[in-house]
Each structure stands twice: as C-alpha cells, then as structure tokens.
Participant: 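There's a structure below that I have some questions on.
The shown structure was predicted, so the numbers you read here are calculated from the model rather than taken from an experiment. Positions are given from 1, in the same order as the sequence printed here.
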Amino acid sequence: MTRFDGEVSPAFEIVEPAQWRAPVIFNSPHSGSTYPDEFLSASRIDLPQLRRSEDSFMDELIGHLSDRGFPTVRVNFPRSYVDVNREPYELDPRMFTGRLPSFANTRSMRVAGGLGTIPRVVGDGQEIYRERILVDDALARIETLYKPYHRALRRLINKVHQMFGTVVLVDCHSMPSVGVSRDEPRRPDIVIGDRYGTSCTPLLPDRVEETMGGLGYSIGRNKPYAGGFITEHYGNPASGLHAVQLELNRAIYMDERRRERGPRFGQVASDFGVLADVLATTIPFGDLGPFQAAAE
C-alpha cells in the first residue's frame with residue numbers, strides 16, 4: 001500500500017482568521033509541491049516536468065489573506081499525484097493493475113484526456129507513469145488525501161454558512177500563458193469561471209471583473225476554463241453557496257520556464273488583497289442566502 005508517513009504532512013492546511021471580515025473563502029487546490037518518493041520513483045518523467053501541472057505559488061499569492069480576515073485553504077500534495085478538483089473516482093482503467101470499483105467513473109471527458117483523480121498525464125500531455133500502478137495504491141491516495149481534504153473543506157464551508165448565512169468560495173488556480181494548440185488565441189490575464197452562470201450569483205464574477213479589470217488585468221469568462229469539480233460541486237446559489245474559479249495567467253507573476261517568482265509577484269499578491277477587500281465591502285451577503293419560497 002502507498003505510504004505517506006512524513007512525506008506529505010500536513011496534506012493540506014486551513015488557516016482561519018483571528019477576526020472574520022466576510023464569508024469569503026480563498027482556496028488553492030493545485031499549488032502543492034511536496035512529491036512523495038514512491039511517486040517520483042514510479043514516474044517516467046523528471047520532477048521539473050511533473051511540476052508543469054502545478055499552480056505554482058498560488059498558495060503564496062493568497063496566503064496573506066488570512067491576516068486580512070479571510071480563511072485560506074492550501075493543498076500540499078501535487079495535483080499530478082491526486083487531483084482534488086475531480087470527482088472522487090474519475091479513474092482510467094488503462095492505468096491500473098487490478099479491478100476498479102464498479103462505481104468508478106471511467107468515461108468522463110477528464111478521464112479521456114488523462115486528467116482524472118489520479119492523472120495519467122501532466123498538463124502538457126506527457127505520460128507520467130513508467131508502468132501500471134496498483135488499484136489499491138490509487139484508492140489509498142483517495143482515502144488518505146482526497147477525502148480528508150474535502151471533508152475539511154465541507155466543514156469550513158458549513159461553519160461559514162452557519163456564521164453568516166451564506167458562503168463565497170473563491171477557487172484560485174493558474175494557467176499556462178499559452179495553450180497547447182497554436183490556434184488558441186492569446187490567453188487573458190485572468191479567466192473567471194462560474195460554470196456559465198450556474199455556480200454563483202452573477203454579482204460575484206461581475207465584481208471580480210470590475211475590480212481586477214480596474215487594476216489593469218485583461219479578463220475572460222469561462223473559456224478555456226469554466227470551473228472544475230470544486231466550483232460545480234460546492235456552488236449552489238439556491239442554498240446560499242456561491243463558488244467562482246479564478247485562473248491567473250502564470251506569465252503575470254512568475255517565470256514559467258525557470259519556475260521562479262517574477263518581478264510582479266508582490267504586486268499581484270497585493271491586488272488579491274484589494275479584490276478580497278472589495279468583495280468584503282461591496283457584496284450584499286445578506287441577499288445571497290438560501291432562496292425563500294414565496295408565501296402562499
């Protein structure tokens with residue numbers, strides 16, 4: 001069985017503020033950079049290539065927000081090892097030795113692309129594993145890392161919901177500055193994903209666009225990223241749960257080739273602070289709670 005003793009500890013971190021300002025949670029599920037030794041040994045590609053899937057430094061860009069009154073969440077294991085922004089059992093049977101459980105989703109578009117819960121490829125399409133891995137090892141990763149993360153995130157969301165009557169989850173990611181296809185147009189600085197208007201009140205992405213656009217960032221909506229499992233699963237506006245995904249162009253804040261922080265890193269972190277403050281002071285959270293049925 002897969003062992004995690006001391007290698008990915010803690011697997012994730014939730015930092016709650018000393019003084020809560022608003023029901024806004026900032027989450028970084030793909031910035032983890034602690035690679036278990038057994039994973040590196042099983043990989044046919046080296047660590048720099050594996051790291052191409054990381055949302056490098058996104059956890060640092062939002063980490064200071066807990067000092068400003070907002071809870072923050074960061075995952076420390078890499079998405080190429082276990083991807084928490086997928087259903088719990090999106091698994092490709094071609095990857096494993098042994099029988100997958102009957103409830104596994106083997107036919108999703110993400111599985112077909114090699115980007116299931118246990119990814120087959122990294123972000124640029126390179127195969128990760130030298131040979132098939134044991135089904136039991138894959139299931140152990142889900143039980144030991146994926147499920148505890150989502151249980152903790154649900155507890156935090158429920159706590160905020162009870163405190164404020166509503167929740168806004170800002171799911172923070174980064175994207176390569178250029179797409180795999182040469183036909184893809186230049187990517188904007190930020191892509192806002194709201195599952196085409198289904199995961200949150202329209203006010204939320206509008207306010208993000210107004211704020212970040214006003215700070216000089218170019219903005220896109222839902223293309224090429226509309227939001228993954230986290231945005232879709234936790235976004236339920238009728239219940240007062242609002243989720244929006246932000247994809248930040250990596251060229252804005254880092255050297256993509258060297259994987260180092262760039263000269264604008266501090267400014268981008270400061271701009272996330274501006275965004276958090278704007279959301280806290282201008283969103284009418286009292287109007288975002290569960291929809292009430294009209295009186296008979």
Side-chain angles (χ1 to χ4, degrees), residues 8-34 55 57-77 79 84-85 145-174 190 192-194 199-201 203-205 207-208 211-212 227-237 239-248 268-290:
V8 188
S9 181
F12 55 87
E13 297 170 77
I14 295 176
V15 181
E16 297 186 16
Q19 298 291 329
W20 293 70
R21 287 191 60 198
V24 183
I25 300 168
F26 287 86
N27 180 48
S28 177
H30 283 166
S31 53
S33 58
T34 301
D55 292 349
F57 312 121
M58 179 53 68
D59 53 343
E60 296 182 30
L61 290 173
I62 65 171
H64 65 100
L65 299 180
S66 57
D67 295 331
R68 303 173 74 106
F70 307 91
T72 60
V73 186
R74 61 184 289 180
V75 170
N76 292 327
F77 53 88
R79 67 176 298 191
V84 296
N85 199 24
L145 299 172
Y146 179 102
K147 288 186 177 181
Y149 162 79
H150 279 282
R151 282 196 295 267
L153 182 58
R154 280 195 299 271
R155 283 196 297 269
L156 177 62
I157 289 172
N158 290 338
K159 177 178 181 176
V160 175
H161 197 242
Q162 290 172 3
M163 290 172 62
F164 292 93
T166 189
V167 182
V168 169
L169 176 64
V170 183
D171 202 38
C172 300
H173 299 256
S174 69
I190 298 173
I192 304 170
D194 63 358
S199 68
C200 61
T201 171
L203 180 61
L204 182 55
R207 195 56 45 85
V208 172
T211 303
M212 301 307 280
F229 173 78
I230 290 172
T231 310
E232 181 179 19
H233 183 69
Y234 293 104
N236 184 357
S239 298
L241 307 177
H242 302 266
V244 64
Q245 178 176 287
L246 302 186
E247 290 275 359
L248 180 64
V268 174
S270 177
D271 291 342
F272 268 93
V274 172
L275 174 63
D277 291 343
V278 168
L279 296 181
T281 56
T282 68
I283 297 289
F285 297 108
D287 297 335
L288 302 186

Participant: Within this structure, what is the OG-CD1 distance for the pair Ser31 and Ile62, rounded to the nearest 0.5 Å?
Facilitator: 7.0 Å
Participant: Of all the heavy-atom pairs spanning Phe77 and Ala11, show the shortest one and how long it is.
Facilitator: CD2-O, 3.4 Å
Participant: Mind listing the closest non-hydrogen atom pair of Pro23 and Thr166 along with its distance?
Facilitator: CB-O, 3.2 Å
Participant: For a 4.5 angstrom cut-off between non-hydrogen side-chain atoms, does Leu248 reach Phe272?
Facilitator: yes
Participant: Determine, stepwise, if the pair Val208 / Leu275 fulfils side chain to side chain contact (heavy atoms under 4.5 Å, CB included).
Facilitator: CA-CA 7 Å; Val208 172; Leu275 174 63; 4.1 Å; yes
Participant: Look up atom CD1 in Ile157 and atom OG in Ser239, then write down how far apart they are to the nearest 0.5 Å.
Facilitator: 12.0 Å
Participant: Rounded to the nearest 0.5 Å, how far does CG of Leu204 lie from CD1 of Ile283?
Facilitator: 5.5 Å
Participant: For Val15, does its backbone N or O pair with a side-chain atom of Ser66 as donor and acceptor, under 3.5 Å?
Facilitator: no
Participant: State whether the side chain of Thr231 and the backbone N or O of Ala243 hold a donor-acceptor pair below 3.5 Å, judged by distance alone.
Facilitator: no
Participant: Using the side chain to side chain contact (heavy atoms under 4.5 Å, CB included) rule, take Leu153 and Tyr234 through it: C-alpha gap first, then chi angles, then the decisive distance, then the call.
Facilitator: CA-CA 10 Å; Leu153 182 58; Tyr234 293 104; 3.7 Å; yes
Participant: Does some side-chain heavy atom of Phe26 sit less than 4.5 Å from a side-chain heavy atom of Met58?
Facilitator: no
Participant: Tell me the closest heavy-atom pair linking Ala280 and Phe285, and the distance in Å.
Facilitator: O-CE1, 3.8 Å
Participant: Evaluate the ring planes of His233 and Phe229, with Trp represented by its six-membered ring, and classify them as parallel (under 30°), tilted (30 to 60°) or perpendicular (over 60°).
Facilitator: parallel
Participant: Is Asp277 close to Arg21 at the side-chain level, that is, under 4.5 Å between some pair of heavy atoms?
Facilitator: yes
Participant: Is there side-chain contact between Pro71 and Leu156, with heavy atoms separated by less than 4.5 Å?
Facilitator: yes
Participant: Are Asp194 and His242 side-chain neighbours, meaning at least one heavy-atom pair lies under 4.5 Å?
Facilitator: no
Participant: Do Val160 and Trp20 make a side-chain contact, defined as non-hydrogen atoms from C-beta onward lying under 4.5 Å apart?
Facilitator: yes
Participant: Kindly indicate whether the side chain of Ile230, heavy atoms from C-beta on, has any atom under 4.5 Å from the side chain of His150.
Facilitator: yes
Participant: Within this structure, what is the CG-CG distance for the pair Leu246 and Leu61, rounded to the nearest 0.5 Å?
Facilitator: 11.5 Å
Participant: For the side chain of Asn76 and the backbone of Pro10, is there at least one donor-acceptor N/O pair under 3.5 Å apart?
Facilitator: yes
Participant: For residues Gly273 and Leu65, report the shortest heavy-atom separation together with the two atoms involved.
Facilitator: CA-CD2, 3.7 Å
Participant: Quick one, Met212 and Ile192 - any side-chain contact, counting heavy atoms below 4.5 Å?
Facilitator: no
Participant: Quick one: OG on Ser28 to CZ on Phe57, what's the gap to the nearest 0.5 Å?
Facilitator: 12.0 Å
Participant: What class does the angle between the rings of Tyr149 and Phe12 fall in, given that below 30° is parallel, 30 to 60° is tilted and above 60° is perpendicular?
Facilitator: perpendicular
Participant: When you measure from the side chain of Gln245 to the backbone of His173, do you find a donor-acceptor pair of N or O atoms at a distance under 3.5 Å?
Facilitator: no
Participant: Which atoms form the tightest heavy-atom contact between Val84 and Pro29, and what is the distance?
Facilitator: CG2-CB, 3.6 Å
Participant: If you compare all heavy atoms of Cys200 against all heavy atoms of Val244, which two are closest, and at what distance to 0.1 Å?
Facilitator: SG-CB, 4.4 Å
Participant: About how many Å separate CG of Leu203 and CG of Asp287, when rounded to the nearest 0.5 Å?
Facilitator: 9.5 Å
